[in-house]
Amino acid sequence: PWESNPQPWHCKHHALQTPFIGTSSMYILYAFPQIIPQPLDTALSSVFQETNEQKLYKIATELLKTERAYVTRLNLLDQVFCAKLTEEALKGTFPVDVVKNIFSNISSINTFHNQFLLPDLEKPRSQFQEVCGSLTLQHHMLEPVQRVPRYEMLLKDYLKKLPQDDPDRRDAEKSLDIIAMAATHSNSAIRKSENLKKLLEIYEMLGEEEDIVNASNEFIKEGHILKLAARNTSAMERYLFLFNNMLLYCVPKFSLGGPKYTVRTRIGIDGMKVLETINEDYPHTFQVSGKERTLELQASSEQDKDNWIKAFQETIEIFHQKNETFKSASKDVEEVSTAELGKRAPRWIRDKEVTMCMKCKEPFNALTRRRHHCRACGYVVCWKCSDNKVALEYDSNKINKVCKDCYSILTGEEKAEGKKKGILEIEAAQFSGSSIICGFLQHCEKNKPWGKVWCVIPEKEALVLYLYGAPQDVKAQSSIPLLGYSVEDSPRPADPPASFRLSQSKSVHSFVAESEELKQRWLKVIRVAVTGEVPESQMPNDATANATDAQETSSDST
């Protein structure tokens, strides 16, 4: 097959200029420039005197055979499966994007190997044999993923047999480095894809209400656990989801459609500690302590306890190591003094020296929180912290992006930090003590299930209804600006007693009070608020005591 090409490896130049640069396996052309320096018929008739040469020949032969088989599978995926599904999609059976999402850039990979790499190894075959080999589509789809590690394995084996003074060794070593890097990137991409799939599964299990599907969130461990109550000796069934930056402490809820959970508490890894505890009544216990909450937990066995403690400790350690990169980068920076800020060009912190924004300390990711440099101080910050522009003297007074701190210094104006908290970031207890009305209501929005919420209309925000998960929550789940809403309390056949509705355009909120009397109190306030008028307080004299009782009841239930 090499007779028509006396220099079978001289296609290296074409590989480097091919547009399908994403195919890491193109670099295999570096590996074997002198493996078979003669026509195949001559090579086959040669008598190898040295065993090492025989091994080299076998490796080269295996490379050719596996490349041939690989191209066959690529053709099967591209020209058969992908082509047939595309043909059906064009008929309107399903969207064309579905096919693109399944097969990605398989056509580009196939074109490179079929038209560039394989023709350099042998003559192209006259026709494509549509052989499935009695294997499924899923099996064939694994071929592109498995091919890069196969290149790495062959190159390592080849280098073991290659003499140290062989002229081909330098190119072979260079090729191995490139392939090893490509394999690392490939494995990393697969792990990220699997992690994203897991995040989506957890997102569904949590009722699609928790914002966890984020490239910076990495799933670590999950499992059933028992939580020991602080006020009695009972143990309650709970479920934990551990991520690289937080722990979700959940309560199982009944569901016919697979496991479902409600998040009771989020505990950040920052500041978290885990300790093994001794409890005479309950074996296999340990304690997880965070800034938000401390939990005493009981595992199912000693092994399960050890696994949980190990997972927590490793996660905490990795989190602190990443924090150290931020601290060390900040420490080593030759900072521009306040007097010279904007007048002298700063030293830019390298992207790889930090893993999180040097202002808000949120972790970077490739999609939603990318790296930006402040042109005044040189810090690496996220887009939110660099959303400021000011003229810099050292750059001929051109407008440049700067971080919020530099903006405040250079302009004398406060940004971001000077703003008050968001509308949902006010504690429920702070509102409940000075509210027009507050209390528990059952709430339902659109087709979502009913849920018990702590509702507050504060005196300071008399036209807004805040919905909290519990009376002590530090942030509201949502808020409803009442102005312009329609109030309906006419009974409907499917509605529970003491129910009423708030509607505006396509937004409909349904509520159920504990009694008809309580419903009328809520309606009296809301009917005034929707008109833009400030309603009168409906709280009785013992409102504070009632709110406190409600908070204690909520605390006991956790």
Side-chain angles (χ1 to χ4, degrees), residues 188 191-192 194-203 205-206 210-230 233-253 259-328 355-356 361-365 469 473-475 555 558:
S188 176
R191 285 195 298 269
K192 288 180 180 178
E194 291 175 347
N195 180 65
L196 181 60
K197 182 180 178 181
K198 183 63 180 178
L199 291 178
L200 288 170
E201 291 177 359
I202 298 174
Y203 177 68
M205 286 192 282
L206 299 180
E210 293 295 324
D211 184 18
I212 63 168
V213 184
N214 189 301
S216 63
N217 292 340
E218 180 182 346
F219 171 75
I220 305 296
K221 184 178 173 62
E222 66 176 305
H224 291 277
I225 205 81
L226 292 178
K227 190 263 181 183
L228 302 185
T233 57
S234 64
M236 297 164 286
E237 184 180 355
R238 296 291 183 259
Y239 202 88
L240 302 182
F241 291 101
L242 177 63
F243 300 89
N244 62 320
N245 53 4
M246 63 180 169
L247 171 70
L248 296 185
Y249 169 66
C250 306
V251 178
K253 62 181 181 180
K260 300 290 182 182
Y261 305 95
T262 299
V263 176
R264 184 59 57 84
T265 307
R266 280 193 186 209
I267 303 177
I269 298 298
D270 187 15
M272 178 180 287
K273 296 180 181 179
V274 58
L275 300 171
E276 185 175 359
T277 58
I278 299 176
N279 191 312
E280 296 180 357
D281 299 323
Y282 296 93
H284 324 310
T285 59
F286 62 99
Q287 179 180 287
V288 176
S289 177
K291 294 179 179 179
E292 297 81 1
R293 187 169 179 181
T294 297
L295 303 170
E296 188 173 3
L297 305 171
Q298 181 186 14
S300 59
S301 64
E302 193 68 19
Q303 181 64 45
D304 187 33
K305 181 190 74 173
D306 292 341
N307 291 341
W308 273 112
I309 293 177
K310 182 180 179 182
F312 276 111
Q313 290 175 340
E314 290 177 351
T315 303
I316 295 170
E317 182 179 357
I318 293 173
F319 183 88
H320 289 320
Q321 287 175 355
K322 290 184 176 180
N323 272 351
E324 286 303 316
T325 64
F326 163 75
K327 293 177 183 178
S328 61
T355 61
M356 63 184 69
K361 298 187 180 182
E362 288 293 326
F364 290 120
N365 60 69
D473 281 357
V474 297
K475 184 177 180 180
S555 176
T558 61

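Under the 4.5 Å side-chain criterion, counting only non-hydrogen atoms from C-beta, K227 is not in contact with R264. The shortest distance between side-chain heavy atoms of M272 and I267 falls below 4.5 Å. The shortest distance between side-chain heavy atoms of L206 and F241 falls below 4.5 Å.
L247 approaches V288 most closely through the heavy-atom pair CD2-CG1, 4.1 Å. When all heavy atoms of D304 and A299 are compared, the pair lying nearest together is OD2-CB, 3.5 Å. Closest of all the heavy-atom pairs between I220 and F243 is CG1-C, 3.6 Å.
Separating the CD atom in E201 from the CG atom in L196 is a distance of 10.5 Å, to the nearest 0.5 Å.
When the options I225, V251, L226 are evaluated for a side-chain contact (heavy atoms from CB on, under 4.5 Å) with E237, the one that passes is L226. With K221 as the fixed residue, the side-chain contact (heavy atoms from CB on, under 4.5 Å) test singles out one of L240, N307, T315: N307.
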_Assess the residue pair M246 and I212 against the criterion (side chain to side chain contact (heavy atoms under 4.5 Å, CB included)); give the C-alpha distance rounded to whole Å, side-chain angles, the decisive distance to 0.1 Å, and a yes or no._
CA-CA 10 Å; M246 63 180 169; I212 63 168; 3.8 Å; yes

*Could you walk me through whether I269 and N244 pass side chain to side chain contact (heavy atoms under 4.5 Å, CB included), step by step?*
CA-CA 7 Å; I269 298 298; N244 62 320; over 6 Å; no

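Looking at E292, its side chain does come within 3.5 Å of a backbone N or O of G268 through a donor-acceptor pair. Judged purely by atom type and a 3.5 angstrom limit, N195 uses its side chain to pair as donor or acceptor with the backbone of F219. Between the T285 side chain and the T277 main chain, a donor and an acceptor come within less than 3.5 Å of each other.
Partners of T294 according to the side-chain contact (heavy atoms from CB on, under 4.5 Å) rule, which considers only residues two or more places apart in sequence or in another chain, are Q287, S289. Qualifying side-chain hydrogen bond (donor to acceptor under 3.5 Å, both in side chains) partners for Q298, counting only residues two or more places apart in sequence or in other chains: none.
Note on residues 306-317: no pairs pass salt bridge (charged side-chain N to carboxylate O under 4.0 Å, His left out), not counting sequence neighbours.
Salt bridge K305/E302: present, at least one basic N to carboxylate O contact under 4.0 Å.
Taking the six-membered ring where tryptophan is involved, the planes of Y239 and H224 are perpendicular, since the angle between them exceeds 60° and thus also 30°.
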